[in-house]
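Worksheet for the structure shown next.
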There are 2 protein chains.
Amino acid sequence: MKISAQEEYGLRCLVQLANLADGETLTLPQIAELEGISAANAGKLMWLLNKAGFVHSTRGTKGGYFLARPADEIYLNEIIKVLDEDVLSSHCDSYTGVMEKCVHTGDCGIRPVIVGLHEIVENALSRITLASLVGNESKVDAMFHQIQGLHRTLEPQRV
Amino acid sequence: MKISAQEEYGLRCLVQLANLADGETLTLPQIAELEGISAANAGKLMWLLNKAGFVHSTRGTKGGYFLARPADEIYLNEIIKVLDEDVLSSHCDSYTGVMEKCVHTGDCGIRPVIVGLHEIVENALSRITLASLVGNESKVDAMFHQIQGLHRTLEPQRV
DNA sequence: GCTAATCATTACTTTTTAGTCAAGATTAGC
DNA sequence: GCTAATCTTGACTAAAAAGTAATGATTAGC
């Protein structure tokens, strides 16, 4: 499994905007500089995020980008779905119930794996706000450690 | 996030072999037919799995592929790591501790997210054997439902 | 209203992944 | 040993993703 470049850098750019004080904005060259990508590339990512309503922009001198909503009201699962097809996708789209691309019958062997992975990723990302990625990392770490702690209670029964 | 074609179909091919009775084998055209891919493509996947020691093969008439180890001793995390870089990878490889590709400093905002997702995926896949993907799906479903049930106990505290 | 700064949009290029092909090597059975 | 069936391997082609470039539209400030 892979996190695409678009997902990773799109999310990073939003984190940079979440870092801003009220009224501040960032231009494309500024975002590009902060994230180590080209301004053209940043422009493409911001265009997607703009279309999806996560950011607003103003043109001209003193223009730039800023968040369209408070960072503590934006969850990572929403962001990822804008930057890619879904939080988790595969050639077989059985987890959506649609099955368009999948040549296999309904209950192929790996279907429950894809469905299950999709659920736990969606669940984890839907608990994390953009705001929690700003400043210290302790809150997100703690959340994942809590999940991992729970998982360890399952350790004995491998299937 | 995406499950690559190589991961998906490599795993599917192994499931087909796990379905065989003792002493039976499958040829490339047979695997290709079962999975709806070309024999050439199946050949490439089986080559990877052969190199990694998951399957054995015999050439010539009556040749074919079969599992090198019992299906209940093969865990999905091992398989995925052979078919792709890791169970979860991204441009930023901070979760491995190596950081070679990543231009960002050690504590960028999204690092804990990548590390956390990597952990929960690795954890889930390390609980599932190839054998459990054969026949009925109930065991894998039950495992994921158990994980999801635990996650729901966390519901109130979003970060 | 002119100019410089900035975003918006589309087309293009490069890189990576996926998939195909063909020639060679091995084996079972005659 | 001959033949047909089968895997092995590397080179090739096609498709998708990532990244670049260029042109146009908008705005602040003079």
Side-chain angles (χ1 to χ4, degrees), chain A residues 1-13 17 23-33 35-68 80 83-86 89-92 101 103, chain B residues 1-13 17 23-33 35-68 80 83-86 89-92 101 103:
Chain A
M1 290 165 56
K2 276 214 170 69
I3 297 173
S4 71
Q6 192 158 282
E7 291 173 300
E8 176 178 338
Y9 282 99
L11 183 51
R12 283 187 194 282
C13 292
L17 295 185
E24 291 184 322
T25 64
L26 284 177
T27 66
L28 288 179
Q30 287 174 326
I31 293 171
E33 166 74 21
E35 288 305 330
I37 58 180
S38 70
N41 199 356
K44 204 173 192 179
L45 294 171
M46 296 314 291
W47 181 60
L48 278 173
L49 294 167
N50 195 345
K51 274 199 311 179
F54 289 107
V55 305
H56 284 152
S57 63
T58 54
R59 289 203 256 203
T61 311
K62 294 286 166 79
Y65 292 92
F66 54 98
L67 288 183
I80 297 299
L83 295 168
D84 207 340
E85 202 173 330
D86 196 348
S89 56
S90 74
H91 180 272
C92 170
K101 292 179 294 185
V103 299
Chain B
M1 288 164 58
K2 277 213 171 68
I3 296 173
S4 71
Q6 192 157 282
E7 290 173 301
E8 177 178 337
Y9 282 98
L11 184 51
R12 283 186 193 284
C13 292
L17 295 184
E24 290 185 324
T25 64
L26 284 177
T27 66
L28 288 178
Q30 288 173 326
I31 293 171
E33 167 74 21
E35 289 305 331
I37 58 179
S38 70
N41 200 357
K44 205 171 190 179
L45 295 171
M46 297 313 292
W47 181 60
L48 278 173
L49 294 167
N50 196 343
K51 274 199 309 179
F54 288 107
V55 305
H56 284 153
S57 64
T58 55
R59 291 202 254 201
T61 312
K62 295 286 169 76
Y65 292 92
F66 54 98
L67 288 183
I80 297 300
L83 295 167
D84 208 341
E85 201 174 329
D86 197 346
S89 55
S90 74
H91 181 271
C92 169
K101 292 179 295 186
V103 299

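Residue numbers start from 1 in every chain, and the chains themselves are labelled A, B, ... in the order their sequence lines are given, proteins ahead of strands. Excluded from the calculations below are hydrogen atoms, water molecules and symmetry mates; all remaining heavy atoms, backbone and side chain alike, are included.
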Practice item. Run through B:Leu17, B:Thr25, B:Thr27, B:Thr58 and flag the one making a side chain to side chain contact (heavy atoms under 4.5 Å, CB included) with B:Tyr65. Key: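 Testing each of B:Leu17, B:Thr25, B:Thr27, B:Thr58 against B:Tyr65, the sole residue satisfying side chain to side chain contact (heavy atoms under 4.5 Å, CB included) is B:Leu17.
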**Study point:** Candidate list B:Asn50, B:Leu49, B:Leu48, test side chain to side chain contact (heavy atoms under 4.5 Å, CB included), partner B:Met46, passing option
**Key:** B:Leu49
Check the distance between [N]'s [atom2] and [X]'s [atom1] and give it to me in whole angstrom.
| X | N | atom1 | atom2 | answer |
| --- | --- | --- | --- | --- |
| A:Gln30 | C:dC7 | CD | C1' | 13 Å |
| B:Glu35 | C:dA18 | CD | C1' | 16 Å |
| A:Leu83 | D:dA18 | CG | P | 11 Å |
| A:Asn41 | C:dT14 | CG | P | 16 Å |
| B:Leu48 | D:dT8 | CG | P | 12 Å |
| A:His56 | D:dT26 | NE2 | P | 17 Å |
| A:Leu28 | D:dT20 | CG | P | 14 Å |
| A:Gln6 | D:dT20 | CD | P | 14 Å |

Below 4.0 angstrom from OP1 or OP2 of [N], is there any side-chain N or O of [X]?
| X | N | answer |
| --- | --- | --- |
| A:Ser57 | C:dA8 | yes |
| B:Asn50 | D:dT8 | yes |
| B:Ser38 | C:dG19 | no |
| B:Lys2 | D:dA17 | yes |
| B:Tyr9 | C:dT17 | no |

For the side chain of [X], starting at C-beta, report the closest nucleotide among [options].
| X | options | result |
| --- | --- | --- |
| A:Arg59 | D:dT26, D:dG19, D:dA5 | D:dT26 |
| B:Lys62 | C:dG19, D:dC7, C:dG29 | C:dG29 |
| A:Trp47 | C:dC7, D:dC7, C:dA8 | C:dA8 |
| B:Thr61 | C:dT17, C:dT10, D:dA5 | D:dA5 |
| A:Thr27 | D:dT9, D:dA21, C:dC7 | C:dC7 |

Check your understanding: Mapping A:Thr58 and A:Ile3 to their closest nucleotides on DNA chain D, which lands nearer the 5' end?
Key ->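 Whichever sits nearer the 5' end wins; that is A:Ile3.
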**Study point:** Within-4.5 Å side-chain heavy-atom neighbours: A:Met1 and B:Ile80
**Key:**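 No, their side chains stay 4.5 Å or more apart.
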Review point. If we only count heavy atoms from C-beta on, is the A:His56 to A:Phe66 side-chain gap below 4.5 Å?
Key: yes
Over all strands shown, is [X] touching base, sugar-phosphate only, or nothing at heavy-atom distances under 4.0 angstrom?
| X | result |
| --- | --- |
| B:Gly43 | nothing |
| A:Ile31 | nothing |
| B:Ala5 | sugar-phosphate |

**Study point:** Nearest-nucleotide 5' precedence on DNA chain C, B:Gly63 against B:Ala39
**Key:** B:Ala39
Check your understanding: Is the backbone of B:Ile3 close enough, under 3.5 Å, to the side chain of B:Glu8 for a donor and an acceptor to pair up by distance?
Key -> no
Review point. Under the 3.5 angstrom rule, does the side chain of A:Gln6 hit a backbone N or O of A:Leu83 as a donor-acceptor pair?
Key: yes
Review point. Using purine N1 to pyrimidine N3 plus N6-O4 or O6-N4 for Watson-Crick, or N1-O2 and O6-N3 for G-U wobble, both under 3.5 Å, which nucleotide pairs with C:dC30?
Key: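 Across any shown strand, C:dC30 pairs with D:dG1.
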